[in-house]
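The residues of the chain are indexed from 1 along the displayed sequence.
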Amino acid sequence: MIRFTSATDGSFALDEPGDRLDERRSTLTPHPVTWLSQVHGSTVVDADRTLGANGARADAVVTAEPDLALTVVTADCAPVVLATPHAVAAVHAGWKGLLAGVVPAAVEKLLGHGDGPVTAWLGPCIRARCYEFGADDLDAVAGALGDEVRSVTAWGTPALDVTAAVTASLRRAGVDRPIDAGVCTACSPVHFSHRARGDRGRQAAFVWLEK
């Protein structure tokens with residue numbers, strides 16, 4: 001089961017009061033929920049019923065345990081969900097994490113729980129038309145993932161195409177193009193965007209295996 005939230009579900013940022021977070025999580029899933037201290041890197045951790053992954057400094061989490069919900073939180077970064085018949089993963093894919101290889105690292109750990117095929121989903125994130133990007137950093141991402149990540153904003157300045165970067169990362173890991181929610185957080189009136197509006201709130205991606 002996969003769920004991508006919006007601002008209408010409330011904020012899932014970790015600085016929200018714990019009881020409020022627990023209540024909001026419980027409206028999205030009846031199962032225990034893991035969470036990460038996201039650091040824009042490429043570390044991937046496993047989670048099980050001990051919830052040992054909670055608070056881990058990582059940007060992706062994998063489990064083969066049924067009825068254990070994984071979650072990552074985002075504003076403009078890309079939430080990526082991965083699944084095989086045996087396991088699921090939730091990935092926080094900002095540009096630094098994409099450059100560091102968080103997506104292929106998550107695919108590799110996911111496949112450690114059993115063979116594919118791997119299906120990928122891409123949730124709401126900032127889109128190229130709204131994501132003005134510095135030339136040096138854009139060169140770095142393009143050098144790692146290909147020139148397809150280069151784009152332009154709606155006002156004509158250089159931009160990073162996060163969706164293209166996610167797709168290129170998946171392709172390098174042998175995974176087909178993701179099923180894309182097609183939502184730009186900067187344009188959407190019902191999603192948080194730090195880049196466009198300075199929002200402190202965060203939406204979440206949830207995924208779990210069902211028994």
Side-chain angles (χ1 to χ4, degrees), residues 1-7 9-29 31-65 67-83 87-110 112-113 120-126 137 141 160 162 165-166 169 173 185 191-195 197-209:
M1 178 69 71
I2 299 165
R3 295 186 178 178
F4 295 112
T5 73
S6 69
D9 299 300
S11 172
F12 290 83
L14 294 183
D15 59 3
E16 291 285 311
D19 56 346
R20 190 175 300 167
L21 274 178
D22 289 342
E23 180 181 358
R24 288 173 181 167
R25 288 166 177 161
S26 69
T27 65
L28 273 296
T29 175
H31 306 302
V33 176
T34 68
W35 54 276
L36 303 173
S37 294
Q38 298 167 190
V39 293
H40 296 274
S42 61
T43 300
V44 186
V45 294
D46 276 297
D48 58 25
R49 282 284 171 183
T50 68
L51 300 183
N54 278 359
R57 289 175 60 83
D59 288 274
V61 57
V62 175
T63 193
E65 293 266 0
D67 295 344
L68 177 62
L70 309 180
T71 187
V72 292
V73 297
T74 58
D76 296 310
C77 295
V80 181
V81 170
L82 306 170
V88 293
V91 185
H92 165 246
W95 75 266
K96 291 182 179 178
L98 288 164
L99 185 58
V102 67
V103 170
V107 172
E108 181 179 7
K109 189 170 283 286
L110 181 74
H113 289 283
W121 291 261
L122 173 61
C125 62
I126 196 165
D137 290 334
V141 180
L160 174 64
V162 174
V166 169
S169 297
T185 49
H191 288 84
F192 298 114
S193 174
H194 178 74
R195 182 86 174 197
R197 294 176 290 278
D199 292 333
R200 295 181 60 84
R202 296 292 184 268
Q203 41 265 342
F206 289 83
V207 61
W208 63 92
L209 281 171

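- A donor-acceptor pair is defined here as one N or O able to donate and one able to accept, closer than 3.5 Å; such a pair exists between the side chain of Ser37 and the backbone of Gly55.
- Under the salt bridge (Lys or Arg N to Asp or Glu O under 4.0 Å) criterion, no residue pair touches residues 87-104, with sequence neighbours excluded.
- Applying the side-chain contact (heavy atoms from CB on, under 4.5 Å) test to Ala105 and every residue at least two apart in sequence or in another chain returns Val44.
- No side-chain heavy atom of Val88 sits less than 4.5 Å from a side-chain heavy atom of Leu82.
- Between Cys125 and Val162, the shortest heavy-atom distance links the atoms SG-CG1, 4.4 Å.
- Screening residues 55-64 for side-chain hydrogen bond (donor to acceptor under 3.5 Å, both in side chains) gives Asp59-His92 as the qualifying pairs, with residues at least two apart or on separate chains.
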- [ ] Tell me, with the steps shown, if Asp9 and Arg3 meet salt bridge (Lys or Arg N to Asp or Glu O under 4.0 Å).
- [x] CA-CA 11 Å; Asp9 299 300; Arg3 295 186 178 178; over 6 Å; no

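- Between Asn54 and Trp35, the shortest heavy-atom contact is OD1-N, 3.0 Å.
- Summarising the geometry of Ala87 relative to His113, their closest heavy-atom pair is CB-CB, 3.7 Å, with the distance given to 0.1 Å.
- The line from OG1 of Thr29 to CD1 of Ile2 is 12.5 Å long, rounded to the nearest 0.5 Å.
- Residue-environment remark: NE2 (His194) stays at or below the threshold of 12 foreign heavy atoms within 6.0 Å.
- Of all heavy-atom pairs spanning Gly201 and Ser11, the tightest one is CA-OG, 3.3 Å.
- Within the model, atoms CE of Met1 and CG of Leu28 stand 11.0 Å from one another, a figure rounded to the nearest 0.5 Å.
- Environment of CZ in Arg200: sparse, with no more than 12 heavy atoms of neighbouring residues, nucleotides or ligands closer than 6.0 Å.
- Listed by first and then second residue, the salt bridge (Lys or Arg N to Asp or Glu O under 4.0 Å) pairs involving residues 34-50 are Asp46-Lys109 (not counting sequence neighbours).
- Atom SG of Cys77 is separated from atom CD of Gln38 by 8.0 Å, given to the nearest 0.5 angstrom.
- Side chains of Asp76 and Thr185: a donor on one and an acceptor on the other come within 3.5 Å.
- Considering every non-hydrogen atom in both Ala89 and Val62, the closest pair reads CB-CG2, 3.7 Å.
- A salt bridge does not link Glu16 to Arg202: none of the charged nitrogens lies less than 4.0 Å from a carboxylate oxygen.
- Qualifying side-chain contact (heavy atoms from CB on, under 4.5 Å) partners for Asp19, counting only residues two or more places apart in sequence or in other chains: Pro17.
- Here the options are Val91, Leu98, Val80, the test is side chain to side chain contact (heavy atoms under 4.5 Å, CB included), and the partner is Ser169; only Leu98 passes.
- With sequence neighbours excluded, the residues satisfying side-chain contact (heavy atoms from CB on, under 4.5 Å) with Ala100 are Ser42.
- Once rounded to the nearest 0.5 Å, the distance linking CG of Leu70 with NE2 of His31 reads 11.5 Å.
- Distance check, rounded to the nearest 0.5 Å: CG of Asp67 to CH2 of Trp208 gives 9.0 Å.
- Under the 3.5 Å distance criterion, the side-chain polar atoms of Gln203 are left unmatched by any main-chain donor or acceptor of Phe4.
- Rounded to the nearest 0.5 angstrom, Ile126 CD1 and Thr74 OG1 are separated by 11.5 Å.
- A ring-centre distance under 6.0 Å is found for Phe206 and Phe12.
- Contact between His191 and Pro124 at its shortest, heavy atoms only, is NE2-CG, 3.6 Å.
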